[in-house]
Amino acid sequence: LEGIPDRVEPGDVLPITVLALDALGRALPDRAVVVESTDPSIVEVTSSGTLRAVREGSIRVVARAEGVEATRSLVVSPVPVVAVEIAALEPPVLKGARRRLRALAKDERGRELVGRSIVWASSDPDIVEVSRTGEIRVHGAGRATVLATCEGGSVGLDFDIPDGPE
């Protein structure tokens with residue numbers, strides 16, 4: 001089994017090379033080799049000779065020919081978060097306002113990573129309070145930053161709340 005790294009990410013497609021060898025290590029190109037994944041819900045083996053990582057987990061790729069077996073372990077790791085974005089907020093944001101913020105975790109290609117937990121925090125909850133679900137409540141005038149963090153990425157959204165009526 002060649003072309004199989006130790007770790008991949010969901011969505012990766014890998015071409016593999018499988019070749020039966022004799023006892024001296026010589027290629028036997030005319031021999032049928034069957035390749036399988038121990039868990040196709042994690043990694044599928046396609047009919048065209050590729051592996052497709054479906055979801056996170058660990059599997060073994062097994063190749064069999066004439067009663068002889070070779071295996072290779074493979075771990076499908078989560079795609080790392082490299083950036084977090086907060087969706088635009090319609091202005092103005094004044095005292096008494098309540099809004100729900102939406103944060104997006106992104107991978108290195110800018111794709112949204114669904115299902116990742118966002119942790120919310122405010123630099124000054126007396127001015128802008130934020131719940132664990134991203135809902136803000138503006139309590140008073142001043143400056144505050146709401147921070148959205150997910151794994152290795154974070155982003156801050158600055159608020160400059162003017163004095164004035166609610």
Side-chain angles (χ1 to χ4, degrees), residues 1-16 35-62 71-166:
L1 289 169
E2 295 183 18
I4 302 175
D6 295 330
R7 293 187 177 280
V8 294
E9 297 174 353
D12 285 351
V13 176
L14 308 166
I16 58 172
V35 180
E36 299 174 322
S37 166
T38 55
D39 189 340
S41 73
I42 296 173
V43 174
E44 295 177 331
V45 178
T46 69
S47 59
S48 64
T50 61
L51 299 179
R52 187 173 74 81
V54 178
R55 65 176 178 88
E56 297 170 25
S58 298
I59 60 108
R60 287 179 322 147
V61 177
V62 181
T71 64
R72 176 73 189 225
S73 295
L74 178 62
V75 175
V76 182
S77 301
V79 176
V81 174
V82 298
V84 178
E85 295 176 3
I86 297 177
L89 194 60
E90 292 293 322
V93 179
L94 304 172
K95 274 190 340 187
R98 290 181 103 144
R99 306 272 175 86
R100 175 151 333 254
L101 299 178
R102 182 170 175 257
L104 307 173
K106 301 278 184 117
D107 69 7
E108 67 184 11
R109 297 179 194 155
R111 297 176 300 190
E112 182 178 353
L113 300 171
V114 178
R116 302 297 175 98
S117 295
I118 305 290
V119 176
W120 295 95
S122 174
S123 64
D124 192 337
D126 292 333
I127 296 171
V128 179
E129 177 184 10
V130 64
S131 73
R132 62 184 175 87
T133 61
E135 184 177 339
I136 62 165
R137 289 184 71 184
V138 179
H139 296 295
R143 295 181 66 87
T145 300
V146 171
L147 188 66
T149 303
C150 181
E151 299 169 20
S154 66
V155 66
L157 181 61
D158 295 325
F159 290 88
D160 191 4
I161 308 301
D163 259 335
E166 291 188 26

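Please read all numbers here as calculations on a predicted model, not as lab measurements.
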**Report entry** Qualifying salt bridge (charged side-chain N to carboxylate O under 4.0 Å, His left out) pairs with a residue from residues 71-94, counting only residues at least two apart or across chains
**Finding:** D6-R72, E85-K106
Query raised in the report: With a 4.5 Å limit on heavy-atom distance, are the side chains of P10 and E56 in contact?
Result: yes
Query - Min side-chain heavy-atom separation R99-I136 under 4.5 Å - result: yes
Query - More than 12 heavy atoms of other groups within 6.0 Å of R55 CZ - result: yes
Query raised in the report: What are the two closest heavy atoms between H139 and P125, and how far apart are they?
Result: CD2-O, 3.3 Å
Query - side chain to side chain contact (heavy atoms under 4.5 Å, CB included) partner of L51, chosen from I16, I59, D12 - result: I16
Requested in this report: Would you give the length of the straight line joining atom CD1 of I118 to atom CZ of R132, rounded to the nearest 0.5 angstrom?
Outcome: 14.0 Å
**Report entry** V130 versus A121, closest heavy-atom pair with distance
**Finding:** CG1-C, 3.5 Å
Query raised in the report: So, do P5 and L14 sit near enough that their side-chain heavy atoms are less than 4.5 Å apart?
Result: yes
Query raised in the report: Any Lys/Arg nitrogen of R109 or E9 sitting under 4.0 Å from an Asp/Glu carboxylate oxygen of the other?
Result: no
Requested in this report: State, yes or no, whether a side-chain contact exists between P40 and V45 at a heavy-atom distance under 4.5 Å.
Outcome: no
Query raised in the report: Should we say atom CD of E112 is surrounded by more than 12 heavy atoms from elsewhere, each under 6.0 Å from it?
Result: yes
Requested in this report: State, yes or no, whether a side-chain contact exists between S122 and E129 at a heavy-atom distance under 4.5 Å.
Outcome: no
Query raised in the report: Looking at side-chain heavy atoms only, is the closest gap between P78 and E151 below 4.5 Å?
Result: no
Query raised in the report: What closest approach, in Å, do S77 and R7 show between heavy atoms, and which atom pair accounts for it?
Result: OG-NH1, 3.0 Å
Query raised in the report: So which heavy atom on S131 is nearest to which on W120, and how close?
Result: O-CB, 3.5 Å
Query raised in the report: Checking T145 side chain against S123 main chain: does a donor-acceptor pair fall under 3.5 Å?
Result: no
Query - Close side-chain approach of L101 to L89, heavy-atom, < 4.5 Å - result: yes
Query - Residue pair G140 / I127: nearest heavy atoms and the distance that separates them - result: O-CG2, 3.3 Å
Query raised in the report: Shortest non-hydrogen contact from V84 to S154?
Result: CG2-N, 3.8 Å
Report task. Rounded to the nearest 0.5 Å, what's the gap from CG on D163 to NZ on K95? Could you check? Result -> 5.5 Å
**Report entry** Check against side chain to side chain contact (heavy atoms under 4.5 Å, CB included), V93 and I161
**Finding:** CA-CA 7 Å; V93 179; I161 308 301; 4.0 Å; yes
**Report entry** pair F159-D124: side-chain heavy atoms closer than 4.5 Å
**Finding:** no
**Report entry** Under 3.5 Å donor-acceptor, R100 side chain and T133 backbone
**Finding:** yes
Query raised in the report: How many angstroms lie between atom OG1 of T38 and atom CG of L74, to the nearest 0.5 angstrom?
Result: 9.0 Å
